[in-house]
Amino acid sequence: LRRKGLATHRLVRFADDLFKSPVEVALAAEAVVKLARSHYRGTVHLGGARTSVYRFHRDAVTVLGVPTDRLMADQLPADAPTPRDTSRHAALMTRLTGVPVQSVREAFRVGELR
């Protein structure tokens, strides 16, 4: 729907002050398998590079070859019930599994190769 909106010249807005750590699904699965086979016990955050929701979409559509001129950065309302930063530090994941933390652009390129 959002990609279609960009293609039909509508403005599409995403929050540039809402942060997450998206991870490519195959890398998440690889990390989970490696952790399950290890002797490590404890909490490990899986995640990619910290990015805003706006930057995630901008990077994703750029890799997909969709123009970004109608993609607009926006702000969350002050009373939004959503936490502004749910990003995760994945250094422990990388140290334990060797699975790298990737940017959105890197993850999309890897996905294209599979």
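In this structure, the side chains of His45 and Leu92 stay at 4.5 Å or more apart for every pair of heavy atoms. Phe19 places none of its side-chain heavy atoms less than 4.5 Å from the side chain of Thr86. Put simply, the side chain of Val44 reaches to within 4.5 Å of the side chain of Leu96, judged on heavy atoms. Within the 4.5 Å cutoff, no side-chain heavy atoms of Arg88 are placed close to those of Leu46.
Val99 approaches Leu27 most closely through the heavy-atom pair CG1-O, 3.8 Å. Counting all heavy atoms, side chain and backbone alike, Gly47 lies closest to Ala90 at O-CB, 3.5 Å. The two residues Leu18 and Thr82 come nearest to each other via the heavy atoms CD1-CG2, 3.8 Å. Scanning both residues, Asp16 and Ala73, for their nearest heavy atoms gives CB-CB, 3.9 Å. Among all heavy-atom pairs drawn from Met93 and Pro100, the shortest one is CE-O, 4.2 Å.
In terms of modelled atom types and a separation under 3.5 Å, the side chain of Ser103 and the main chain of Glu106 share a donor-acceptor contact.
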Point to revise | Steps toward side-chain contact (heavy atoms from CB on, under 4.5 Å) verdict (Tyr54, Asp74) | key: CA-CA 8 Å; Tyr54 165 74; Asp74 206 349; over 6 Å; no
Exercise for review: Show the numbers, then the answer: is there a side-chain contact (heavy atoms from CB on, under 4.5 Å) between Thr62 and Arg105?
Suggested key: CA-CA 8 Å; Thr62 297; Arg105 289 177 186 241; 3.8 Å; yes
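Hydrophobic clustering places Val101 together with Tyr40 (ILVMFWY residues linked when any side-chain heavy atoms are closer than 4.5 Å, directly or through intermediates).
For the salt bridge (charged side-chain N to carboxylate O under 4.0 Å, His left out) condition, the pairs that include at least one residue of residues 31-50, sequence neighbours left out, are Glu30-Lys34, Arg50-Asp85.
Between the CZ atom in Arg84 and the CG atom in Asp17 there is a gap of 4.5 Å [rounded to 0.5 Å].
Qualifying side-chain contact (heavy atoms from CB on, under 4.5 Å) partners for Thr51, counting only residues two or more places apart in sequence or in other chains: Pro22, Arg55, Phe56, Val104.
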